Amino acid sequence: MPNENNKLIFKSRVPYWLVLFTIFITLMPIALVLGIYLSGASSAASYYGVDIIDVKYSTVVYYLAIAASFPLEAKFFNYFSSKPYLIGCSIIYAAINLILYCSDSFALLLVLRFAGGMLSLGFIGMIFSLVFKQFHAQRSRILGYATMYAALFSSAPLAQLLDAFIFTKYDFNSIFLFKIYSALPGIILLCCILKKGTDLRRDGKIPLKLIRWESFVLYASSLLLAAYILLYGQYYHWFSSIRITLCTIALVFFMCLFFLRQFKLEEPYIDLKIYKSRNFRIGMLLLVLFYFSKGDMNLLNGFFSNSVHLDMYHKGYIMLINCAGITAGSLISARFILAGRKIRLIWMTGFGVLLAYHVYILCILSNQAEIADLLIPLFLQGFGNGTLIISIVIFYVTSVPAEIAFSASVTGVAFRAVTFTASMALTSYMGLHLQKIHYQSAAQEITSLNPYAVQRIGQYKQALLNGGASIPQSNAGAIKLLGKAVANQNNLLFVRDYYLYMSAFILLIIMGIALIPHFQYHIKKIGAKLIPM
């Protein structure tokens with residue numbers, strides 16, 4: 001029982017509410033780091049003197065470090081005592097962010113972002129253990145995953161609010177100091193309430209000589225190369241660039257070495273037997289489909305700014321409704337799984353809600369949208385994401401024998417990281433391609449013979465003249481304002497096209513889930529052990 005677990009872990013005078021509060025304020029700052037400064041990508045690009053695509057890659061590097069380092073960190077977690085390990089991770093975490101605060105080197109940022117991703121696993125692993133112990137042993141797996149993924153997914157909307165606060169009041173590098181200040185209270189409080197000698201190690205002390213660092217290097221290199229190719233392929237015109245060609249060759253080489261090594265090792269870094277499970281393969285497929293269809297909020301930034309007229313603060317505030325949707329979807333999904341509902345119905349519900357979100361956005365895309373119009377679709381997007389991530393993760397993690405379940409979990413993180421990167425690359429490609437089509441179409445229409453264009457330019461000129469501009473200034477300003485209006489319209493048309501294609505894509509997914517012969521829902525095998533809430 002949770003109370004009995006807490007008596008063994010925390011000091012006797014610590015109330016239950018303080019345990020929950022401590023877990024929350026320790027977890028959220030670490031989770032926020034994943035999406036930190038992504039909504040302020042232009043500020044980061046200006047500070048480091050790089051392109052937006054470089055900033056995106058730096059955020060992906062953190063995610064990939066988590067995916068690549070999971071098995072490696074588990075060895076360290078099971079070697080060191082819990083409280084000294086937590087204190088050591090905290091000191092290194094503070095040092096990394098202090099270095100980033102004092103530096104404007106983008107190369108150093110990439111290195112330390114990767115190191116920070118590896119380090120974050122020390123906190124996440126410990127919080128995972130504490131969260132799982134807050135539930136009944138027979139529910140802990142499902143409710144633990146629901147709690148963790150609800151927090152991790154909610155961190156992205158919360159990071160937008162944080163970015164709005166920091167980037168409007170402080171210099172960009174202040175964000176690294178804020179990361180230290182926000183994490184310290186939870187870490188200090190956790191160290192204070194843990195019993196002396198508390199040991200959260202899952203498998204007991206494991207000698208460090210069993211660390212497969214060669215596999216880690218091959219695996220991490222493969223993931224970093226895959227992300228680089230996906231993000232920079234279009235930037236360098238794919239295989240017409242020798243850089244992308246060499247990266248692809250290196251990726252194939254490292255992946256082949258990694259797989260060959262795993263087959264030969266008695267204790268592999270990742271046990272490839274997981275792919276023998278049909279349900280695991282189905283879970284990975286669903287995970288990929290989910291990440292492509294979950295809805296890219298970055299596409300709506302232009303719509304939020306130009307049509308709904310939201311500044312950074314108001315964008316952050318309305319994204320709180322997205323957090324509420326994620327939390328609700330995660331909890332309801334966990335409840336249905338515990339109640340033994342068919343997993344296909346949960347998936348169809350989740351994808352159905354995402355379909356409703358995409359269709360809703362199509363209906364409100366215009367120049368007259370209001371804030372109230374955004375609340376329902378943002379909640380639907382969060383609800384669909386929360387519903388699907390929990391049900392899919394539980395499905396593939398429990399689809400393999402318990403002794404290799406950790407490998408299934410680790411592989412799922414890697415699939416999520418790579419698919420997340422691929423979805424970013426897809427939206428970038430579609431944006432460039434579709435906006436080019438719409439711009440060429442607009443250029444053919446906007447000529448001196450088009451009465452609407454002439455009328456609009458005249459309105460702009462008159463408005464500028466009324467504002468005190470000279471005739472030459474009004475002529476130049478009118479052309480710029482017309483160009484801005486065309487760019488805004490092109491963005492709306494691109495977003496409309498993207499959401500239309502995604503709606504059709506999600507509809508096909510729902511039909512596939514409904515019509516493909518019944519998936520053998522492996523959780524039924526342990527159904528007797530799952531106590532309904």
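If you read the sequence from its start, that first residue is 1, and numbering goes on from there. Model, not experiment: these values are computed from the prediction.
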| request: Measure from the side-chain N and O atoms of Asn322 to the backbone N and O of Ile318, and report whether any donor-acceptor pair falls under 3.5 Å. | output: no
| message | In terms of relative ring orientation, are Tyr228 and Tyr232 parallel, tilted or perpendicular, with 30° and 60° separating the classes? | response | parallel
| task | Could you check if a side-chain atom of Tyr235 sits within less than 4.5 angstrom of a side-chain atom of Asp51, using non-hydrogen atoms only? | result | yes
| query | Do the side chains of Leu18 and Leu189 get nearer than 4.5 Å, heavy atoms only? | reply | yes
| remark: Of all heavy-atom pairs linking Phe114 and Ala220, the shortest is CZ-CB, 3.9 Å
| said: Applying salt bridge (charged side-chain N to carboxylate O under 4.0 Å, His left out), can you list everything that pairs with Arg281, at least two apart in sequence or on another chain? | reply: none
| message | Quick one, Val353 and Thr387 - any side-chain contact, counting heavy atoms below 4.5 Å? | response | no
| Candidate pair Ser120 and Tyr62, rule side chain to side chain contact (heavy atoms under 4.5 Å, CB included), full reasoning | CA-CA 9 Å; Ser120 69; Tyr62 187 87; 3.1 Å; yes
| Nearest heavy atoms of Tyr57 and Leu224, plus distance in Å | OH-O, 3.1 Å
| field | Check: Leu287 and Ile389 side chains under 4.5 Å, non-hydrogen atoms | value | yes
| Out of curiosity, Tyr291 OH to Phe415 CZ, how far, rounded to the nearest 0.5 Å? | 13.0 Å
| task | Could you check if a side-chain atom of Leu286 sits within less than 4.5 angstrom of a side-chain atom of Ile513, using non-hydrogen atoms only? | result | yes
| Test side chain to side chain contact (heavy atoms under 4.5 Å, CB included) applied to Met126 and Leu86, step by step | CA-CA 8 Å; Met126 187 166 294; Leu86 175 63; 3.9 Å; yes
| remark: Interatomic distance, CG@Leu121 vs CG@Leu72, rounded to 0.5 Å, equals 9.0 Å
| field | Validation row: Ser69, Phe216 side chains within 4.5 angstrom (heavy atoms) | value | yes
| task | Starting at CD1 of Ile506, measure out to CG of Leu354 and round the result to the nearest 0.5 Å. | result | 5.5 Å
| said: Pairing donors with acceptors under 3.5 angstrom, does anything connect the side chains of Ser215 and Arg261? | reply: yes
| query | Any chance OH of Tyr360 has more than 12 other-residue heavy atoms, nucleotides or ligands included, within less than 6.0 Å? | reply | yes
| Pairing residues for Tyr219 by the ring pair (Phe, Tyr, Trp, His ring centres under 6.0 Å) criterion, not counting sequence neighbours | Phe258
| message | Under the rule for side-chain contact (heavy atoms from CB on, under 4.5 Å), what residues qualify as partners of Ser503, not counting sequence neighbours? | response | Leu355, His358, Val359, Leu362
| Plane angle bin for Phe420 and Tyr63 - parallel if under 30°, tilted between 30 and 60°, otherwise perpendicular | tilted
| said: Rounded at 0.5 Å granularity, tell me how far CG in Leu27 sits from CG in Leu190. | reply: 11.5 Å
| Is a side-chain N or O of Thr427 found less than 3.5 angstrom from the main chain of Ser423, in a donor-acceptor match? | yes
| said: Test your reading of the model: is there a side-chain donor-acceptor pair from Ser58 to the backbone of Val55, 3.5 Å cut-off? | reply: yes
| task | Give the C-alpha distance, both sets of side-chain angles, the deciding distance and a yes or no for side chain to side chain contact (heavy atoms under 4.5 Å, CB included) between Tyr269 and Leu218. | result | CA-CA 11 Å; Tyr269 194 72; Leu218 292 173; over 6 Å; no
| field | Criterion side chain to side chain contact (heavy atoms under 4.5 Å, CB included) on Phe290 and Asn385, from CA distance to verdict | value | CA-CA 8 Å; Phe290 161 61; Asn385 287 345; 3.4 Å; yes
| said: Minimum heavy-atom separation for Val413 and Ile66, please, with both atom names. | reply: CG1-CG2, 4.4 Å
| For Thr59 against Arg113, the heavy-atom pair lying closest together | CA-NH2, 3.6 Å
| query | Just by distance, do the side chain of Asp271 and the backbone of Lys273 share a donor-acceptor pair under 3.5 Å? | reply | yes
| task | For the residue pair Tyr396 and Ser277, establish whether any side-chain heavy-atom pair is separated by less than 4.5 Å. | result | no
| said: With a 3.5 Å distance limit and no angle check, can you tell me whether Thr419 reaches the backbone of Arg416 through a side-chain donor-acceptor pair? | reply: no
| said: Test of understanding: with side-chain contact (heavy atoms from CB on, under 4.5 Å), list the residues that count as partners of Leu230, not counting sequence neighbours. | reply: Val418, Thr421, Ala422, Ala425
| Would you say Ile229 and Trp238 make side-chain contact, with heavy atoms under 4.5 Å? | yes
| said: Within this structure, what is the CG-CG distance for the pair Leu380 and Leu375, rounded to the nearest 0.5 Å? | reply: 11.0 Å
| request: Name all residues meeting the side-chain hydrogen bond (donor to acceptor under 3.5 Å, both in side chains) criterion together with Tyr85; count only those two or more places apart in sequence or in a different chain, and write none if there are none. | output: Glu73
| request: Grab the two heavy atoms, one from Trp347 and one from Phe395, that are nearest each other, plus how far apart they are. | output: CZ2-CG, 3.6 Å
| query | Measuring from Ile25:CD1 to Ile187:CD1, what's the distance to the nearest 0.5 Å? | reply | 10.0 Å
| query | Who are the ring pair (Phe, Tyr, Trp, His ring centres under 6.0 Å) partners of Tyr275, not counting sequence neighbours? | reply | Phe280
| Heavy-atom donor-acceptor pair, Gln381 side chain to Lys294 backbone, under 3.5 Å | yes
| field | Minimum heavy-atom distance Gly386-Ser333, with the two atoms named | value | O-CB, 4.4 Å
